[in-house]
Visitor: 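For reference, the structure I am asking about is given below.
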Amino acid sequence: MNHLVFLPVLVPLLAGALLLLVRRALPLTVRRRLNLVAVLVQVAVALALLLQVTDGTVLVYQLGDWPAPYGIVLVADRLSAWMVLLTAVLALFALLYAIRGSDAGSRHFQPLFQLQLFGLSGAFLTGDLFNLFVFFEVLLLASYGLLLHGGGAQRTRAGLHFVVVNLVGSTLFLFAAGTLYGVAGTLNMADLAGKLATLDPADLGLARTGALLLFVVFALKAALFPFYLWLPTAYAATSAPVAALFAVMTKVGVYAILRVQTLWFDDPEGSLAGLLDPWLLPLALVTMALGSLGALASTRLRIQIGYLVLVSLGLLLTAIALGERDSIAAGLYYLAHTTLATGAFYLLAEGIARRRGSAGERLIDAPAMPHAGQIGALFFIVAILVAGLPPFSGFLGKFMVLRAALDTPAMAWILAVVLLSGLLAIVALARSGSLLLLRATPSEGLPPGAPGRGELAPASALLAVCLGLTLWAAPLTDFTRATAEQLLTPTHYIEAVLGTDMEGAGR
Amino acid sequence: MKRHLLPHPLLTPALTLIWLLLVNSLSFGQLLLGLLLGWLIPLFTLRFWPNRVQVHKPLTLVRFVLVLLYDIVIANLEVAWLILRGPRRVHPGFVEVPLALRSELGISLLANTISLTPGTVSAWLSPDRTTLVVHALDVRDPEALVATIKRRYETPLLEVLEPC
Amino acid sequence: MLECCDPINASHSQRLIMNLTLVVLVPFLGAALTGWVSRYGRLRSAWMAGAVTALALACLLPSLPVPFTGEPLIQRLPWMPGLGLDLVFRLDGLGLLFAMMILGIGLLVIIYARYYLDADDCMGRFYAYLLLFMGSMLGIVLAENLILLLMFWELTSLSSFLLISYWRHRQDARQGARMALTVTGLGGLALLGGFLLLGEIAGSYELSVILASGEAIRAHPLYSPMLVLVLLGAFTKSAQFPFHFWLPRAMAAPTPVSAYLHSATMVKAGIFLLARLFPALSGTPLWSVLVMSAGLATLLIGAWIALFKHDLKGLLAYSTVSHLGLITLLFGIGTPLAAVAGVFHIINHATFKASLFMAAGIIDHECGTRDMRRINGLWHFMPYTATLAMVASASMAGVPLFNGFLSKEMFFAEAANFFDLSTWSWVLPVTVVIASALAVAYSLRFIHDVFFNGEPHDLQRTPHEPPHWMKVPVEILVAICLLVGIFPGFTVEPLLAVAADSVLQCNSPAHDLAIWHGFNSAFAMSVIALLGGLLIYAARRPLFMIAARHEGLIDAGVLFGRTQQAVIGAARAVTTAFDTGSLQRLVALLLIGALGLGAVGLLGVSAPLTGTATLVPADGISLIVALGLGAGAIATTVLHRQRFTALIVVGVLGLLIALIFAKFSAPDLALTQLSVEVVTIVLLLLALYFLPQHTPAESSRVRRVRDLGLAAIAGLGTTALAWGILTRPGATISGYFLDNSVPGGGGSNVVNVILVDFRGFDTLGEITVLALAGLGIYAMLKGLRLPGMTLDPSGRPWNWDLHPTIMAALTRLLLPLALLVSAFIFLRGHNQPGGGFIAGLITAVALIMQYLTNGVEWTHRRLHGNMHPVIASGLLVGTLTGMASFVFGHPFLTSTFSHVHWPLVGDFELASAMAFDLGVYLVVVGSTLLILIHLGLMRSAATQERD
Amino acid sequence: MEALISILIGVLTACGVYLVLRARTFPVVMGLTLLSYGVNLFLFATGRLTIGQPAVISAQAPGYADPLPQALVLTAIVISFAMTAFVIMLSLKARAELGNDHVDGHADEEEHS
Amino acid sequence: MLEVILSALILLGALFTFIGSLGLARLEDFYTRLHGPTKATTLGVGSLLIASMVYFSTRGEGLSLHELLVTLFLFITAPVSAHLLAKAALHLRLRSLAVVPPRAEASAPQQANRDAPSDETVQR
Amino acid sequence: MLSTAVSIAFLLVGAAFVMALLRLLYGPDQPDRILALDTLYVNTVALLVLLGIHLGSALYFEAALLIAMMGFVGTVALCKYLLRGDIIE
Ligand code: NA
Ligand code: NA
């Protein structure tokens, strides 16, 4: 049994529990170092896992040694490993930022951070629908804790909204999972794939409802229109490292949509073939459009970033909705880009806000900031990344998605929305950039307590990773294309999970 | 030291007995387990229950319990009849029972006893714990009720818990 | 159609040396270097920028001869071959021409700017931006791949944004920069769309392929949208009407920037694109109509407005617009000769306009203003500069002996040829002549108004000749104007020919660059234009008055500003219309989405809702419980504004639910539900103390009706789902659990075995959630201060009795009993209803009971309040138990159990799952107590600060 | 019986939905509680209704209820308990930070009157 | 015979459970209603638990006495609940058919009792 | 005979439930409702015991035991709220 599949879940869980245990026993600096070591280990583990699955093997880990579909399995295919690595990398930089001081305000930052990673990795790796629910709850609750640390009316309100709407979402998840279990009698996602493909026509209505409700839940997590309203405020309300880590949280929803889309709804012979097709693309496009309008309308930088996240999510889901090998490959490349770039943007935004005195992140005039040159350059680069302008990964991803969209019937729509929302994003970022960085009243010097240049290092490093995404786009897109191929031929996944002699087992 | 190891000598066998009741078994293994728990739990709860309870006249206690059970049955029948006849026939009233019992546990047990027998509920204890106000469902003669309570319940409790 | 002769054989010559890549990359790297060296002295950055440009030129030199062989040089560095996107560069005549202009004029601008910039302007930043721009521009003209071209195209937009906003303290600079970025950004995105389509049509993004497949491209059904998108890109970049307005506003940039961007480079990128794709896209009616009309309109409008600009740079800017229109028009006409003329005018315009901008910069620099109404008679102050400027203006006006005349003659000839007696064909030559007359007029104005026309008005300082080296670039450019104008055959002809060849993708038609072609229609038009220009300038005063009256009537820039404001306003409106910051709306939208899609799922197919299973008959007690539950739920809803009352009813609901679980064979669930219920009630009560006791009636009627509707649909929907499932015979995987629970899991309570074994991982996640809730709440409590109610809800003081004696005394009695029960439930859980979770809750409740009845202080003296270690060790115990199986090479959480026989004691079963359950127990106890205790402590914390 | 349970699930859900849509935190918490009752009952119902056949293996048992949904409901109960606790706490925090218990933190007229 | 005893016990228990709730529903003020549940607790549930003990003890699987525990718990807790309810009702001054002793309704202990000897459970 | 007795008992306990539920809904005061809840706890114990006898299953015993305990805590907490507002102080 290859324990490597399990390690991305185990490492943060153990680390989280340990950090909780030593909360009072060890000084903060030691705990920070422990945390950092754990995340570094996590990155290494994720990398090792990715290398193991690059050749197309699907690694299955049967928890408790119970075979699927009876026990819970963790499944690492290219997609899962990609997501886990992405999470770990993002977490590393978010943590590097946090341990410079912003974690001190929280009573439980260290364990919550690790448990959030536990939830994220678990959600990406699990092959069981109900277990996915559990991990959703883990990562949500961890994120609530992280979101709410520190006070402030805005943060509390955003947190309340975020929590309540997600709780309603959790209820929906249970209704959906229950319905699918009621019809198909199983919870393993690979097993469900087989059962849902060969449904008794009489059960079709229920199964469709279950699947569509599940889609609603995932769409909520992915902040798809019309369920996106929670995102900008929630992301804007939290502290920078947490917001950066949140950048991967919506991707859990995206991941889940991609997973079920390819696993359940892609087989043209299956009973539920094309179930999401009428919805996913239009909603993705509307999300993109509204996101770009929101970005233009924002009066605060972090709200604006939130809306820009929506734009990127729209593009991402467009790529998934197209359902082609190339589009999914493009989407997966873009996913990595947008996650890291968004993370960097949030880290940078706090740096900017802290240098602007009382104006903070509000898009109004403020005294010129110290180190404006460095910040300006970083802002410029991150804006280019986020707006999808050349020459960086954002452009490449967008280009690839559009290229894949070309021979589809909705081409005109996709082109129109993507290009126009891109324009709006440019306008919005030019506006905020010139307000934040160009239009300054004379400098008042460093506000008291503001950090030095070193604070910008994690964001810079994340941008460097994005540059890496650009330079090594070819091998990366080779990988994402292989990932897409693997996703579009789910039989391998299903066989790996259920074993080949599936017919003999069970009932 | 002894007190530390076995804080409530009565509690251990009681808990062991209850354990055996719980598991519905008399096996030696369960007895051992019961003893273990009966020893561990008082150790843990020692701080919650500092004053040692001493039962002075076990026979009186047994008689008290039997009387109580008998009273419960009788009172049940009486009150059932009252209820079935209809609400117009009841004559409720509050009576004040002056207390001879001093300990918290004693007063509490008395109050519980009163409440357990249908027709009376101990409703209020004065702040100085000298008077227990009892609500009775159908009281024609308050003094008699108070006397009954003191005689049938308080006296045996006094004998068992506070003999001096 | 292209009257193409023998096409050039586009064989790709691969060279090992990647010098083209270097040409493009050197400025980028140089930009960083330049910015860096400026720390060590501002002038060093100027030297560095010059050196970088020279280096780039040097890199280009070895390849200079290649285009003249007639074959383009193509160099490829693989990047993303799978996407058809490589770092592939191409050097042909057109690219060479442009590269030379970019580098050559770039070098001159660098020299010029060294003297132009003030001491407090950050020079390093300026040169860094300039080099960024230069590299991007070189990338455009040398790119072989359209997507690569586009990337550099966008980089020019971005770097020009930086250059235009260089004086960031100036509002016009910021606005101009943003406007330029917006318009060119729009164009860039359109171009992306166009290139995507073009690549799709041609099957490749490489120019070699595209230029060779013009026929196929023009015949493709996607040709029209593609062309429109590409032209949109070209027109916005080249400031063609109606996108011309950004260019004059970009004049807020330092003049060297204008001299560079708006003569030879940035705006020429659009023209370059027209030339580049000319063989592939031109020759269709659509091309002609779009390109000609844009060119013509721009030519005329630009010239007209230029005449009336009082701002020196404004005049030059609109003149640029007009000349760009001219070149566009030439490509629109589409004949090979017109294309040659277009290429020629690109060169000529670059030289005279760059020199004019530089001259304007000198004037601005010396006078402190650019307002021609104040600047007069500079001839007396700076005769040398005046001479240079007048030569360049003459070239701009198309006066013979200057280079502008030559290309304008070719232009007139093409315009005249266009006239073929068809109904509207006269429009072109006539308009062209009018525009040229206007050009003559504004050139005249530039000369007369600035250098003559009386004395200057209130200038800040007395102007004089600038430093010598500031004039050198102008001298060089003016010299080129003259040399080309007089000796075209010796100077420009070879470069023009090779450039034209590559534009046409065939050997360009014979063209004679002589100054004198005889008395032909072109000459006549030239003469008319010159005379007309003189006339117009003579009549300038009434014309100025007319113009002043209509000023701002149709200002595309203002229109753009309004449009942008309108778009932002609309964006605000749309955004706030959706995002009202209302949770109720958020939840309602989620519910509407779920209900809608759920309905689609259920009603979208014709499947029966009711299944075929045999049903369980209802019995009386179930009916009563169900009725009670339903009534209770409704009562909670109806009474919800009386919060405490609603809370009591919720307690009943939990009890009845537990009863239903018990009734339908789920004792474990009943136990769990009961325990959770009580803890929840305690929790709600703790919270209610700090909240209003009543909910105000504040929902509007509409809102209530909407919510009732949603609620009703949700109720119907879930009823339907439940009914559908309950009436179907189930075929599930549960048989496996029943079969393997005892032999495989070592427990006969299958539910518990599932929880701690089959799906133990779920449970691990679940206790993590519980732990997280505890930690999250604890974290949230920090600094939280809330006043509780000082009076009870009916307005009376609270009861004096904190801890009623009877209650306190008896609940102490209960503690050992409850703990015993807890142990019982824990130990039997694997085989009978129970388990770690319920046991944990019982323990927690037993302890909470102590808090309830004896108070915090009393209990805290007896119970250590720090629950974090308990939670942590619970999590660790669970995890480590799971990890124990690693030792035996089994996966996480693999359970083991064995029956141990001890003498006397009997059979004991030891299962690893019990250890796991212990972890569950600890987390439950720890978290529950952590939550409740700290919530209960909140009021005491409000008065005295604790941890 | 199936109809009874189905309707019950519907009623609980409907009441939960209505309360979740209220403007004050406390009713929302109550609504979430009712919703969790509804969904737990639903999840439980996916194992179909069986009377008197708990999934405790014994020789005499005539049959067994589907244990899996029960286990799922158990997990769901615990999770929703944790979540409820969290929301309750959050509503207190909101009350402290926002000065009232409106879910959006609006101070409204009725609060003053 | 066993069946008869069982049936009688069951019926008795159910009957008293019912009467208790009937009292709760029928009686006219809170204090009198408070007496109802005592019936359900004591004789009602008591009889049923005895019935259960008898029933499970006579099925050949050994003695079943753990029902006694339920009784024990109920007998400790039910009176305390009743006491607290009455205390709350007095505090809230609910309508009473009987005359309420004035000091039992007081929100604060009367002055005379302030100095009464008390240990930790009494108001400071 | 036993099953008849159990059936009648179910009816009686069911009727008891109805009574308590009515009191719960009708009130009129909060102590009335708490009392109704308390009564329902006791009635539930009765019902579970009956159910155990009816189904011949001892698996309901723990539930009955737990109700005796949990019901008490619930009632105490609710009463304490009425008396003091702050239930843990
Ligand atoms: Na009584
Ligand atoms: Na003038």
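A note on names: the letters A, B, ... follow the listed sequences, proteins ahead of strands, and every chain is numbered from 1. In this text, all values refer to a predicted model and were calculated from it rather than measured experimentally.
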Visitor: Report which part of A:L146 has an atom under 4.5 Å of a heavy atom belonging to chain C: side chain, backbone, both, or neither.
Guide: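 Neither the backbone nor the side chain of A:L146 comes within 4.5 Å of chain C.
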Visitor: Quick one: of A:L206, A:V165, A:L204, who has the most non-hydrogen atom pairs under 4.5 Å with chain C?
Guide: A:L206
Visitor: Please report the C-alpha distance between A:M411 and C:L197 in whole Å, then the side-chain angles of each, then the deciding distance to 0.1 Å, and finally whether the side chain to side chain contact (heavy atoms under 4.5 Å, CB included) criterion is met.
Guide: CA-CA 10 Å; A:M411 173 187 77; C:L197 294 181; 3.9 Å; yes
Visitor: Can you tell which part of A:P391 gets under 4.5 Å to a heavy atom of chain C, answering side chain, backbone, both or neither?
Guide: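 Contact with chain C: backbone and side chain both.
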Visitor: When the aromatic ring centroids of A:F130 and A:Y181 are compared, is their separation below 6.0 Å?
Guide: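 Ring centroids of A:F130 and A:Y181 are no less than 6.0 Å from each other.
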Visitor: Which one wins on heavy-atom pair count under 4.5 Å against chain A: C:L770, C:L875, C:L602?
Guide: C:L602
Visitor: Let me know if A:L139 has heavy atoms under 4.5 Å from chain C in its side chain, its backbone, both or neither.
Guide: neither
Visitor: Sort out for me which of C:D579, C:L589, C:L586 touches chain A most, counting heavy-atom pairs under 4.5 Å.
Guide: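 Top option by heavy-atom pairs under 4.5 Å: C:L586.
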Visitor: Out of A:W279, A:Y144, A:F215, which one racks up the most heavy-atom pairs below 4.5 Å with chain C?
Guide: A:W279
Visitor: So what's closer than 4.5 Å to chain C heavy atoms on A:S292: side chain, backbone, both or neither?
Guide: neither
Visitor: Against chain C, label A:A25 side chain, backbone, both or neither, depending on which of its atoms sit under 4.5 Å from a heavy atom there.
Guide: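 Neither part.
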Visitor: Non-hydrogen atoms of chain C under 4.5 Å away: do they reach the side chain of A:F118, the backbone, both or neither?
Guide: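 Just its side chain gets close to chain C.
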Visitor: Who wins among A:D203, A:T233, A:L290, A:V418 for the most heavy-atom pairs under 4.5 Å with chain C?
Guide: A:D203
Visitor: Is A:L424 in contact with chain C via its backbone, its side chain, both, or neither, using a 4.5 Å heavy-atom distance?
Guide: side chain
Visitor: So, using ring pair (Phe, Tyr, Trp, His ring centres under 6.0 Å) as the criterion, who are the partners of A:H108 when residues are at least two apart?
Guide: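 Scan of A:H108 (ring pair (Phe, Tyr, Trp, His ring centres under 6.0 Å), adjacent residues dropped) gives C:Y778, C:H868.
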Visitor: Report which part of A:L172 has an atom under 4.5 Å of a heavy atom belonging to chain C: side chain, backbone, both, or neither.
Guide: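 Just the side chain, heavy atoms under 4.5 Å.
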Visitor: Non-hydrogen atoms of chain C under 4.5 Å away: do they reach the side chain of A:V9, the backbone, both or neither?
Guide: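 Interface part for A:V9: side chain.
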Visitor: Heavy-atom distances under 4.5 Å only: say whether A:L213 touches chain C with side chain, backbone, both or neither.
Guide: side chain
Visitor: In terms of heavy-atom proximity below 4.5 Å to chain C, should A:L296 be classed as side chain, backbone, both, or neither?
Guide: both
